[in-house]
Amino acid sequence: MGYDFSAFDFSAGFRLLRDGFLSDKAEQVPFIQQSHEFNMKYAGLNAREYYSNPEALLYGAFKTAHEVGFDTPDYCWDSYNVEAEALGAKLVMFDDLTPAIDNVEPLVRQEKDLARLKAPVPGKSGRMAFAFQTMELYHELTGETPNLVFCAPFTLATQVMTFEDVVLGIKDNPAFIHKVMSFVTEEVLAPYINEFAAKFPEARANNGGDAVASLPFITLDMLEEFGLQYVERLQELTGHRVVVDNWWGDSFADDLERFWSMKLRATPAYLKVQDPDLFKVGAQKAKDFAQARDLPVMLGVSNNLLQDGPPEEIARRIHEYLEVAEPGGKSLLYLCNFSAQAPLAHVRAAVEAIKSFRRGERPYAGERASGREGTAAVIALPAKQKTRTGNLDEAQEEILDEIFGAVVDGLEADALAGVETALAEGIPLGAILDDALIAAMEEVGGLFSDGTIFVPEMLLSARAMKGGLELLRPLLTKTSAKPKGLVVLATVQGDVHDIGKNLVGMMLEGAGFQVIDLGVNIAPDEAVARVTEIGPDVVGLSALLTTTMPAMGRIIDAFQRAAIRIPVIVGGAPVNPDFARRIGADGYAENAPEAVNLVKRLVSQAAAPLAVPA
Ligand code: B1M
């Protein structure tokens, strides 16, 4: 063995985890953390090695945990990728970041693709063997029973099909999505987990990560029919050896009781709630819900807070959650994620906050910040005023109202019929576009921002709007009407998160802009080449990982070197106005509707002052 594990002993941490979480025997609240990417960086390992060599992964995990003071090591790998890769999806490896499935060319678009797909050989195809070897070595080194981390059925379906196709498929062809769900559950995941169970029958909490089976990505009804149903099927097929505990979006649920009850069906042994939702709904509320059912609770601290700090705020949040967790025991603190970019000082601040709490130091005793924001979603846009200017008669106004309503309700066929009638009635193209189609998407943006509708409704509206636009397009090109501007969008190098960027694109199209989407994992050279070729009015960059945010700056630098003077706007959950200013971006938008307003401003006042607020 090339790595020396002799210095590592986590037996006290494992004991605390056993006694303090699922039972109430321990005096202290144990903690766990997601830190695989941080481990890799801290131990100075290359990502290609780390995510393919069991010894490298465990050495990084053990060394980091030992030196920074985690109770136990995080032995997780890039858990969303292994099964999709084993099915034949393309995996992109990096030197310094977690690998990612590149689903620009998804494995399944139609029924015939599904029919062609071959089930993996359980435990052998792709990196399934790496996963098993990692677990075996972990067991050998610690004596602990390892639980396999896997990609839960719903997220696996989106990994082989794309998120948008799954969600639109649920509306258009639910029988087909059920077929995909059955395939990934019965022919991919159950055999894989059962093969693992043959080695470790006592592993009862093999844990499925389910990134996209959450609100506001999908509704509670969709979650029940397409997410939970297949988790329960998987439980049946594996002798109840699986849990799926990371659904989020609690703060979007109008029926929190129902959402948490569904969570308990997917993970019967405990309730897990994590930031940012936990902070919004309140740690005490989660603890009370669990305690009333005599169940343990897991409280998760925000990855953004751990990343951005400051250390004082990290300590304050950790102390608050520990104080809520402590009475009656049976609680676990979860540090949501330390990325490769997480400052070591923040990791140390988090660990020290836990240790100081254990020593009885209580500088924040009784402080309760969580739960103050309530469960209602956030930004409400001003109600849209009807601003129709043309000389339309009442019947024509009614037709525009019908198109508007059809787009808002996501009814593509009705929107198309409405546009056809409007054309037959001689309603000017500009009125159909601005007063019906674009106005409807503005309304949809407002409803999404204030939490009234979720992502699926937005996708359906965008599709209805696009359908209507396609009918107008040939006529528009014959007139002098032009798109309001041309925008190029991209998710930056190292990052494959594209759901937010796609929403931004849809809203921009909905607002009358032409959008060219370069896709994900776009390197500076490629951005320079494509932007030079296309010549857009604005470039929009998206990043969802703290590790990939700097890649936005690298693209802006490359534009400067190439003398490209096109305004660049940036966005994505970890990005903020300060960061945008520092990397020299011309604008920052927090969400899709704001991105539309920003692009409108930049296009209409080409020489306007920079849009990054001070
Ligand atoms: Co990933 N992931 N993920 N993930 N994932 C996050 C982002 C994370 C916060 C989860 C966590 O650990 N708590 C974490 C990042 C931590 C950090 O660095 N801060 C994370 C991680 C670490 C990872 C992996 C490394 C896997 C892992 O170990 N956990 C891996 C990395 C892959 C890679 O990219 N190299 C990974 C993989 C994946 C999936 C593939 C499974 C999937 C992506 C599927 C896809 O996009 N096609 C996924 C998902 C879905 C998430 C979560 C669950 C949701 C992200 C999202 O789409 N949000 C996320 C956790 C969470 O947020 N709860 C998480 C919804 C979307 C509508 O919002 O994209 O923010 P957002 O877009 C908003 C605004 O930000 C803004 O408008 C949008 C709509 O209003 N906006 C812009 C976005 N782009 C804009 C551009 C603009 C303007 C505004 O101008 C151009």
Side-chain angles (χ1 to χ4, degrees), residues 34-38 47 51 74 76-81 84 91-94 97-104 106 149 151-152 155-156 158-159 162-164 166 209-217 246-249 274-277 300-308 334-342 379 445 448-449 454-455 458 487-508 520-521 538-549 552 568-575 580 585 587-596 598-599:
Q34 184 187 172
S35 62
H36 55 93
E37 212 184 60
F38 179 80
Y51 291 104
D74 169 21
C76 188
W77 48 85
D78 51 312
S79 54
Y80 295 120
N81 298 334
L91 184 79
V92 195
M93 283 271 195
F94 304 96
L97 296 174
T98 313
I101 294 290
D102 179 352
N103 65 2
V104 172
V149 287
C151 183
T155 295
L156 182 53
T158 68
Q159 289 282 55
T162 79
F163 170 75
E164 284 83 355
V166 170
D210 214 357
V212 291
S214 288
L215 321 180
F217 278 0
N246 76 334
W247 294 340
W248 50 279
Q274 61 193 45
D275 285 343
D277 299 293
V301 177
S302 159
N303 60 287
N304 284 340
L305 176 66
L306 296 169
Q307 175 77 36
D308 298 339
Y334 172 53
L335 305 178
C336 284
N337 189 42
F338 292 115
S339 73
Q341 298 278 310
I379 324 132
F448 178 71
S449 292
F454 287 1
V455 174
M458 203 162 164
V487 184
V488 162
L489 292 179
T491 298
V492 299
Q493 190 167 31
D495 203 323
V496 299
H497 292 85
D498 64 358
I499 296 168
K501 173 199 60 116
N502 296 348
L503 290 178
V504 171
M506 282 169 209
M507 290 300 294
L508 282 167
V520 298
N521 188 24
V538 176
V539 176
L541 303 177
S542 183
L544 258 285
L545 299 168
T546 34
T547 32
T548 57
M549 282 163 62
M552 295 177 149
V568 178
I569 69 162
V570 295
V575 183
Y588 158 79
E590 191 178 343
N591 55 36
E594 276 187 27
V596 172
L598 180 57
V599 170

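Atoms within a ligand are numbered from 1 in the order they appear, just like the ligands themselves.
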Can you tell me if Val570 contacts ligand 1 (heavy atom of the residue under 4.0 Å from the ligand)? yes
Does any N or O of ligand 1 fall below 3.5 Å from an N or O anywhere on Gln274, backbone included? no
With nothing but distance in play, are any N or O atoms of Ala589 less than 3.5 Å from an N or O of ligand 1? no
Report yes or no: does a heavy atom of Phe448 sit under 4.0 Å from some atom of ligand 1? yes
Among Glu164, Gln307, His497, the residue with a heavy atom nearest to atom 5 (N) of ligand 1 is His497
What do you think, any protein heavy atom under 4.0 angstrom from atom 45 (C) of ligand 1? yes
When only distance counts, is Cys336 in polar contact with ligand 1, meaning an N/O pair under 3.5 Å? no
Centres of the Phe217 and Trp248 rings: under 6.0 Å? yes
Looking only at non-hydrogen atoms, the one of Asn303, Asn304, Thr155 nearest atom 9 (C) of ligand 1 is Asn303
Here the atoms of ligand 1 under 4.0 Å from any heavy atom belonging to Leu503 are 67 (C)
Among all the protein's non-hydrogen atoms, which is closest to atom 29 (N) of ligand 1, and how far away is it? Gln34 OE1, 3.2 Å
Can Asp78 be said to touch ligand 1, with heavy atoms closer than 4.0 Å? no
Tell me, which protein residue and heavy-atom name are nearest atom 71 (P) of ligand 1, and how many Å apart are they? Gly500 CA, 4.0 Å
Just jot down the ligand 1 atoms closer than 4.0 angstrom to any heavy atom of Thr98, in number order. 25 (C), 35 (N)
Counting only heavy atoms on the protein side, is anything nearer than 4.0 Å to atom 27 (C) of ligand 1? yes
Tell me whether atom 59 (C) of ligand 1 lies less than 4.0 Å from at least one protein heavy-atom position. no
Select one of side chain, backbone, both or neither to describe which atoms of Val504 lie under 4.0 Å from any atom of ligand 1, heavy atoms only. side chain
Nearest-contact summary for atom 65 (C) of ligand 1 - protein heavy atom, Å: Phe217 CE1, 3.0 Å
Within-shell test, Phe163 vs ligand 1, heavy atom, strictly < 4.0 Å: no
Going by the order shown, which atoms of ligand 1 are within less than 4.0 Å of some heavy atom of Gly494? 33 (C), 34 (O), 35 (N)
Which heavy atom of Val487 sits nearest to which heavy atom of Leu508, and what is that distance? CG1-CD1, 3.9 Å
Heavy atoms only: which of Ser449, Ala592, Gly571 is nearest to atom 86 (C) of ligand 1? Gly571
Does ligand 1 have any atom that is closer than 4.0 Å to a heavy atom of Glu37? no
Nearest heavy-atom approach of Met552 to Gly571 is CE-O, 3.4 Å
Proximal ligand 1 atoms for Leu544, defined as those under 4.0 Å from one of its heavy atoms: 7 (C), 15 (C), 55 (C), 69 (O), 70 (O)
What are the atoms of ligand 1, with element, lying closer than 4.0 Å to any heavy atom of Thr546? 17 (C), 18 (O), 19 (N)
Test item: side-chain donor near acceptor, Glu37 and Thr98, under 3.5 Å: yes
Sub-4.0 Å atoms of ligand 1 with respect to non-hydrogen atoms of Val212: 50 (C)
For Ala100, the ligand 1 atoms with a heavy-atom partner under 4.0 Å come out as 32 (C), 33 (C), 35 (N)
Under 4.0 Å from any heavy atom of Ile569, which atoms of ligand 1 are there? 90 (O), 91 (C)
Could you tell me how the ring of His36 sits relative to the ring of Tyr51: parallel (under 30°), tilted (30 to 60°) or perpendicular (over 60°)? perpendicular
Less than 3.5 Å between some nitrogen or oxygen of Ser339 and one of ligand 1, yes or no? no
Looking only at distance, does Val496 have an N or O less than 3.5 Å from an N or O of ligand 1? yes
Closest non-hydrogen protein atom to atom 15 (C) of ligand 1, residue and atom name please, with distance? Leu545 CD2, 3.5 Å
Would you say atom 24 (C) of ligand 1 has a protein heavy atom nearer than 4.0 Å? no
Any His36 heavy atom less than 4.0 Å to ligand 1: yes
Which heavy atom of Asn521 sits nearest a heavy atom of Gly494, and at what distance? OD1-N, 2.9 Å
